[in-house]
Amino acid sequence: MIAHDVHAHYYPPEYTLVVAEVAGESGRHSEVARAFLRHGIIQKVPTFTGDLRERIRLLDSAGIGVQVLSFASLNIWHPDPRQRARLTAAHNDGCAAASAEYPDRLRFLATLPFPHVPEAVAEVRRARTLPGFVGYTIPTHIDGAGIDDPRWDEVYAAMNEAPALVLVHPDGFCAPGVLDDYSMEWALGAPFDDTIAAVRLLCSGILDRYSRLNWVVPHLGGTLPFLLHRLLWRWQLEADLLGTSSRGGVRLERLLFDTANSTPATLRLAIDTLPAGSLVFGTDFPFVDPTDLARPVAMVRDLAAPGFSSDRVLHGILAPHVNPPNDPNRAQEGHHS
């Protein structure tokens with residue numbers, strides 16, 4: 001087994017049952033629940049909502065040793081804190097059950113009942129006691145608010161009580177409705193949301209205040225490899241002409257970026273642009289070919305570039321972070337090398 005997959009999605013049956021109950025309610029949250037139940041990809045890919053045996057077969061055929069399960073999208077922002085907490089707990093419990101069934105192969109990232117802060121703090125502490133827990137997944141924007149909104153500081157502080165991975169993940173585009181046509185929301189809007197979240201993390205001080213957390217930005221950081229030069233140039237221009245900060249202290253190496261949904265060309269751009277040692281392997285399963293995980297492994301394994309180590313990307317950097325919390329080989333701080 002040669003790879004650890006940090007970015008793979010799963011909706012356990014335990015979660016789907018609670019969603020079905022919520023779908024019978026009224027309000028915007030119930031509309032999202034009904035959309036989940038009729039979602040073409042979610043409901044037509046058996047390994048998305050169950051069939052762990054087939055998932056393990058796919059991992060075996062691709063040479064993936066450990067896969068980290070996480071929530072994907074269509075967050076149901078239930079206005080009742082108890083119901084929102086019930087939804088996220090059902091997802092986490094289902095992922096923990098999958099991890100317990102395949103303890104050598106599956107881990108999970110807990111989803112949290114944002115925007116309800118007391119409930120989110122409670123779930124942070126409960127989830128880290130579950131089998132297979134290695135961290136958290138957080139939307140790139142949280143019920144319309146930025147990932148760096150001060151309202152979430154109490155939650156981040158609780159997360160920071162122990163070393164953990166944190167995968168940020170789009171929940172659609174941050175401006176609802178403007179990209180509804182032509183599949184733009186997920187094809188174009190989601191990568192921009194990745195980029196926006198990365199910049200907020202870099203500039204807000206979150207990475208320094210909660211230094212035991214290892215943040216992973218998906219999809220090669222969205223548009224960041226392509227637009228990083230423009231961003232840095234704009235910061236410097238405004239510093240020179242307007243007296244604002246040049247952001248010279250921004251430390252891009254404090255973030256990890258997964259390889260999900262990349263191509264050899266975009267991966268090479270990321271290698272050229274992002275800090276050495278910041279790329280980690282992810283598939284975004286099942287939003288790749290849901291019957292074949294070998295292609296994304298082979299793309300990283302076979303890429304030749306100066307200074308590029310496919311072994312480090314595929315498993316070396318992630319290995320200490322996907323061990324269970326009581327494993328002596330687990331990473332103990334929020335930095336990587």
Side-chain angles (χ1 to χ4, degrees), residues 2-7 62-64 140 147 165-170 186-204 207 214-240 245-285 287-288 293-321 334-337:
I2 61 169
H4 296 330
D5 179 5
V6 75
H7 183 172
I64 296 174
T140 47
I147 197 171
L165 284 171
V166 185
L167 173 71
V168 299
H169 194 276
W186 286 102
L188 304 179
F192 274 97
D193 239 52
D194 296 335
T195 311
I196 293 166
V199 173
R200 289 185 179 279
L201 289 172
L202 288 165
C203 296
S204 64
L207 301 178
N214 280 277
W215 296 80
V216 182
V217 181
H219 316 121
L220 297 178
T223 65
L224 196 60
F226 183 74
L227 295 177
L228 181 61
H229 173 75
R230 177 183 174 89
L231 181 65
L232 296 175
W233 173 83
R234 183 72 189 193
W235 283 341
Q236 188 60 57
L237 176 69
E238 293 187 359
D240 293 342
S245 172
S246 67
R247 310 287 180 186
V250 166
R251 297 172 58 194
L252 206 59
E253 69 275 8
R254 291 291 304 278
L255 294 175
L256 295 168
F257 303 90
D258 79 38
T259 61
N261 294 151
S262 55
T263 66
T266 56
L267 186 54
R268 287 191 185 93
L269 176 62
I271 292 167
D272 290 343
T273 308
L274 301 176
S278 64
L279 295 180
V280 294
F281 179 68
T283 61
D284 204 3
F285 181 83
F287 296 108
V288 289
L293 288 174
R295 186 200 66 80
V297 173
M299 184 191 65
V300 174
R301 183 192 64 218
D302 298 340
L303 189 74
F308 177 73
S309 169
S310 60
D311 285 345
R312 293 195 70 213
V313 174
L314 287 170
H315 64 85
I317 294 172
L318 278 175
H321 301 293
H335 301 271
H336 52 274
S337 59

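Residues satisfying the side chain to side chain contact (heavy atoms under 4.5 Å, CB included) test with D311, not counting sequence neighbours, are S309, H315. Shown here are the side chain to side chain donor-acceptor pair (under 3.5 Å) partners of T223, two or more places apart in sequence or in another chain: T195. In this structure, S262 has no side chain to side chain donor-acceptor pair (under 3.5 Å) partners at least two apart in sequence or on a different chain. Remark: A294 pairs with A62, D292 by the side chain to side chain contact (heavy atoms under 4.5 Å, CB included) rule, at least two apart or across chains. Judged as a side chain to side chain donor-acceptor pair (under 3.5 Å), and not counting sequence neighbours, D302 has no contacts. In this structure, the side chain to side chain donor-acceptor pair (under 3.5 Å) partners of D284, at least two apart in sequence or on a different chain, are H7, H9, H219. Judged as a side chain to side chain contact (heavy atoms under 4.5 Å, CB included), and not counting sequence neighbours, the contacts of L232 are L228, W235. Under the side chain to side chain contact (heavy atoms under 4.5 Å, CB included) criterion, F226 pairs with L269, sequence neighbours left out.
Using a 4.5 Å heavy-atom threshold, the side chains of I196 and T140 count as separate. Looking only at side-chain heavy atoms (C-beta outward), L255 and S278 stay at 4.5 Å or farther from each other.
Rounding to the nearest 0.5 angstrom, the gap separating the OG atom in S310 from the CG atom in L279 is 12.0 Å. Note: F308 CZ to L303 CG = 5.0 Å, rounded to the nearest 0.5 Å. Atom OG1 of T283 sits about 3.5 Å away from atom CG of D5, to the nearest 0.5 Å. Annotation: the span from I147 atom CD1 to R200 atom CZ amounts to 9.5 Å, rounded to 0.5 Å. Taking CZ of F281 as the reference point, atom OG1 of T259 lies at 5.5 Å (rounded to 0.5 Å). The distance from the CG atom of N261 to the CZ atom of F287 is 9.5 Å, given to the nearest 0.5 Å.
Applying the salt bridge (Lys or Arg N to Asp or Glu O under 4.0 Å) test to pairs two or more places apart or on separate chains, those with a residue in residues 221-236 are R234-E238.
Exactly one of V166, V168, L167 qualifies for a side chain to side chain contact (heavy atoms under 4.5 Å, CB included) with V216. That residue is L167.
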* Take V300 and L267, measure what side chain to side chain contact (heavy atoms under 4.5 Å, CB included) needs, and give me the verdict at the end. => CA-CA 8 Å; V300 174; L267 186 54; 4.2 Å; yes

* Worked verdict on L256 versus V6 for side chain to side chain contact (heavy atoms under 4.5 Å, CB included) -> CA-CA 11 Å; L256 295 168; V6 75; over 6 Å; no

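Around the CZ atom of F192, the shell of radius 6.0 Å holds no more than 12 heavy atoms that belong to other residues, nucleotides or ligands.
Smallest separation of non-hydrogen atoms from G221 and D194: C-CB, 4.1 Å. Closest of all the heavy-atom pairs between V297 and A3 is CG2-CB, 4.5 Å. Residue I317 comes nearest to G277 through the heavy atom pair CD1-O, 3.1 Å, listed as atom of the first residue, atom of the second, then distance. Across all non-hydrogen atoms, the minimal contact from L220 to T266 is CD1-O, 3.6 Å.
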